[in-house]
Every structure is written in structure tokens, then in C-alpha cells.
> 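So that we are looking at the same thing, I have put the structure below in C-alpha cells.
No experiment lies behind these values; they were computed from the predicted model shown.
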Amino acid sequence: MPKTEADLQAAVDGGLFEESHYLDLKKAPTSKGDNKELARDLVSFAIDGGTLIIGVQENKDSRTFELAPQPLNGLPEKIEQVARTIPDPPLTIITEEVSAAADDGTGYLIVHIPASPVAPHMVDNRYFGRGDKTKYQMGDAEVVGLHTRRRDTEADTLTLLRKEMEEDPLRDIGAQSHLFLVAQPTAGRRDMCLPITGAKDWNQRLHTLIQRALQAPRTQAALSGGFSPDLSSAHQGHRRARGVALSSPGIGAGRVYTPQGGSYDESVVEFQLFEDGGLRLLMTRLSEGTSKSYESPDEAEQVIFDSAAVVFTRHMLELIRLISEDVGYHGNWAVAVGANRLRGRRRWSQSIFASYHRYSADTYEESTGATLAELRDAPGTVTRRLLGPLLRSLDSEEAFAKALTDEE
């Protein structure tokens, strides 16, 4: 991808620029109508991914391209605003500025549109796709086909999630609700994470990843507090089939649970990373028994820590982002969250007025796709897709608004 104006000029002179299924060249939008047209271009690329270069235009007479540097002040923000506000659902894009050699505040903007896991997107209630060189309005059959393909991908991810829930080392232990998170790269190599899992210092690398995720400023700012146990509780390293893991002391070699004789025996955290890039996270204190001073422990009511689901999901998404960047993977991810032993339980509250909304199913499952652009710039949006139905059922979505949204 061009990094300088000289690179762009060389591409023009060499006849390397040609509008295609994956590339479009335009001037900057200047009107409301231009913004709508730009939004249609962006959503058309969102199906298979593509790049838009602003500041290179076609000479209609010679049918060649030429540089047309645009004012860069505010341009990236304007393009991102168009992507976030006009398409439905909103798009997350990545922009790169290339300054003109004249150093006069003008230049070029390279806009990367990742293949969206929630495509197709609408503009003015119409779906747009990309043909060989231009966009077009999609027909009903093509839209249905894309939705079917997306549901198939989500179903595959839910199958991975259910496998983790079935293989829970504490499946028959205690009464607490358990939280499960799984993530899988959709286009990664089978040995994508071998530089981490196969390294001699893999144990230290996993610890470092966890600390980076826990200390990420943006994630910390989005969360009003932490939760115990957290990811740092997983500090014992284990080799696993095709991967490695860190776990709290209760889970040993072979994923066998062994009580340690402590008061928090049932509260376990495990993080697994596999050679193919798959991530798995287990946390077994999604609920806990609470009782009044005059009640016996046997009368304790299990209440759900919905804050734990939010905290661990945001940390999991940050881990995915860090791993993507560390191993150089820029593709999409399939992510799913699940929980069990929920039926009849309500959320924990510090208030003397306990919630009366009790969850009506035994398990919760939700999956979505995520682009690297979303992991970088819109993790709150991804978190909302994963946890929104659960939090709304518990009447607590508004309590986590900061963690479920993203700063503009």
C-alpha cells in the first residue's frame, strides 16, 4: 500500500491504479449527497473488504488517473463519521493519511474497509454490493444468501462454545454459574499462533499478554471496576493438546479439577491459546450464594455477577486484538460467549432493593464476528452484540453503558 505521495505518483505513472472489486479512487466528499454516495461505496466494500483512496481521480478524457491532493484537516474524522452514522448497521473502518510533498496541509487518505462480519449493510434501506468495478444495489436473493452465510458462521462458533461448555472441568461441581468465551480466527493459518505457543518462554508470553490486556488504558476507562477473580488469577502454566494454558490452581494437568481446600475453591479462571489462534476462557464465579445474617448457608440465593461477564468479555476482546497484532493477523474473528446455571437467578445488587427480574432460561449463548478495526476502535459495540440480550434480560444494560459504547 502506498506510504508517500511519490509512491502514489509511481502507481499512477505505471498504470497500476485501476478501479476493481477491491479498489476505488475518489475525491473527498463536499456535500450531503456526496456523503450518502460515500456511504454506499463503503458498504459495498464491506462484503468482501476493500480500499478507497481519496485524492486520486480519473481523467475522463484520457481515461487515466491523476493525483488530486485534498485538504486533510478533519478528513479522516469526516469519513469515519460517515461510516458510523449513515450505514445500518454502522461500519468501522481504518484510515491512513499520506501527506502531499508540498507540505501545505493537503494529501491523500487511504480508507481500509474490512470484510464486515455483519454484512450486508444498508444505506437508505437499500443494500449495496460491489461488482467488478462499481457498486450495485443488491437483489433480495443475494441479501438472503449473505444472511444465511453469516448465520452458518455463527452456528459454527456456537458449536465450539457448546463443546467448551460440555468439557467444563467443573461441570458437576457446586452451584455457581459459569462463564465461557471462545474466539477463532476466520482466515488464520493452522500455525498462526505457533510463535507464541511454541516459544520456549510461552508461559511468560501468556502472562505478559494478560497483563497488557488488564492494563490497556481504553479498557480500564470503559470498566467502572474490576472483578475477582480476574485474568491474573490464571498463573499456572500447562501444555495442552495443540496449545498452552494458564489457570488458577484448581485446574491442573489434563484439565483435571482438584479442590485446594480454600474458601474460593469453586472460583476458577482458565485461559487457553491454541496454535491455530483459537482462544478459550473459562470463569466459574459468574454467580455466588448470598444469604441474610439469619439464614443458613444452605438457604443462600445464587445471584448473577453480570459485571463479571462485561469485564471478562472486554478483556477477552483486548486479548484478541493484542494477539492479532503480535502475530500479524489482520483478518476477522468469530467470537461467542456463553453461561450456564442461570434459570431463576437475578443479578447481584448493592441496593437493598434487589432486582425482581429473574433469568428464565438455564443457559445463555450469543456469537458475532469482529474485524480488527472493531477490536481496535469499537470493542464496546462488539461487547454489546455479545452481551446485550443477557443484560437486557437482567434489566442491567444501562448500568454498563460505558463498556457497551465507544468514544467518537
> With the threshold set at 4.0 Å, does a side-chain nitrogen-carboxylate oxygen contact exist between R205 and D201?
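Counted as a salt bridge, because a side-chain N and a carboxylate O are separated by less than 4.0 Å.
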
> For D41 and K26: C-alpha separation, side-chain torsions, deciding distance, then whether salt bridge (Lys or Arg N to Asp or Glu O under 4.0 Å) applies.
CA-CA 10 Å; D41 288 325; K26 285 192 176 297; 3.3 Å; yes

> Once you round to the nearest 0.5 Å, how far does NZ of K36 lie from CD1 of I86?
6.0 Å

> Do any N or O atoms from the side chain of K402 and from the backbone of A221 form a donor-acceptor pair under 3.5 angstrom?
yes

> Hey, does the side chain of D406 reach the backbone of T381 with a donor-acceptor pair shorter than 3.5 angstrom?
yes

> Are E275 and R189 close enough for a salt bridge, meaning some N to O gap below 4.0 Å?
no

> Sorted by first residue and then second, give each ring-ring contact (aromatic ring centres under 6.0 Å, His included) pair with at least one member in residues 312-333; sequence neighbours left out.
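Of all non-adjacent pairs touching residues 312-333, those that pass ring-ring contact (aromatic ring centres under 6.0 Å, His included) are Y329-W333.
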
> Would you call E325 and R376 a salt bridge, using N to O less than 4.0 angstrom?
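Looking at R376 together with E325, the answer is yes, because their closest N to O distance falls below 4.0 Å.
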
> Nearest 0.5 angstrom please: T284 OG1 to R171 CZ, how far?
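Answer rounded to 0.5 Å: 15.5 Å.
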
> Distance from R255 atom CZ to D168 atom CG, nearest 0.5 Å?
7.5 Å

> Can you confirm whether more than 12 heavy atoms, excluding those of D152, are under 6.0 Å from its CG atom?
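Yes.
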
> Indicate yes or no: does R84 engage E80 in a salt bridge with an N to O separation below 4.0 Å.
no

> Report the C-alpha distance between R345 and E288 in whole Å, list the side-chain angles of each, state the deciding distance to 0.1 Å, and finish with yes or no for salt bridge (Lys or Arg N to Asp or Glu O under 4.0 Å).
CA-CA 10 Å; R345 297 180 178 181; E288 189 173 76; over 6 Å; no

> Using a 3.5 Å distance criterion without hydrogens, assess whether the side chain of T157 forms a donor-acceptor pair with backbone atoms of V335.
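Between the backbone of V335 and the side chain of T157 there is no qualifying donor-acceptor contact (under 3.5 Å).
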
> Would you mind checking if R212 and E318 are paired as a salt bridge, meaning a charged N to carboxylate O distance below 4.0 Å?
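Answer for the salt bridge query: no.
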
> Do the charged groups of R384 and E397 touch, with an N to O distance under 4.0 Å?
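Between E397 and R384 there is a salt bridge, with a charged N closer than 4.0 Å to a carboxylate O.
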
> Regarding E19 and R130, does a basic nitrogen lie under 4.0 Å from an acidic carboxylate oxygen?
no

> Quick one: do E37 and R40 make a salt bridge, cutoff under 4.0 Å?
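Salt bridge between E37 and R40, a charged N being under 4.0 Å from a carboxylate O: yes.
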
> Quick test of your reading of the model: are D306 and R347 salt-bridged, counting only N-O distances below 4.0 Å?
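Result for this pair is yes, salt bridge flagged.
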
> Using the rule given for salt bridge (Lys or Arg N to Asp or Glu O under 4.0 Å), can you reason through E365 versus R162, listing the C-alpha separation, both sets of side-chain angles and the distance that settles it, and then say yes or no?
CA-CA 9 Å; E365 298 175 350; R162 290 163 188 154; 2.8 Å; yes

> Any ion pair linking E167 and K163 (charged N to carboxylate O, less than 4.0 Å)?
yes

> Q204: what forms a side-chain hydrogen bond (donor to acceptor under 3.5 Å, both in side chains) with it, not counting sequence neighbours?
T208

> Got a salt bridge between E154 and R151, using NZ or NE/NH1/NH2 to carboxylate O under 4.0 Å?
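Not counted as a salt bridge, because no side-chain N and carboxylate O are separated by less than 4.0 Å.
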
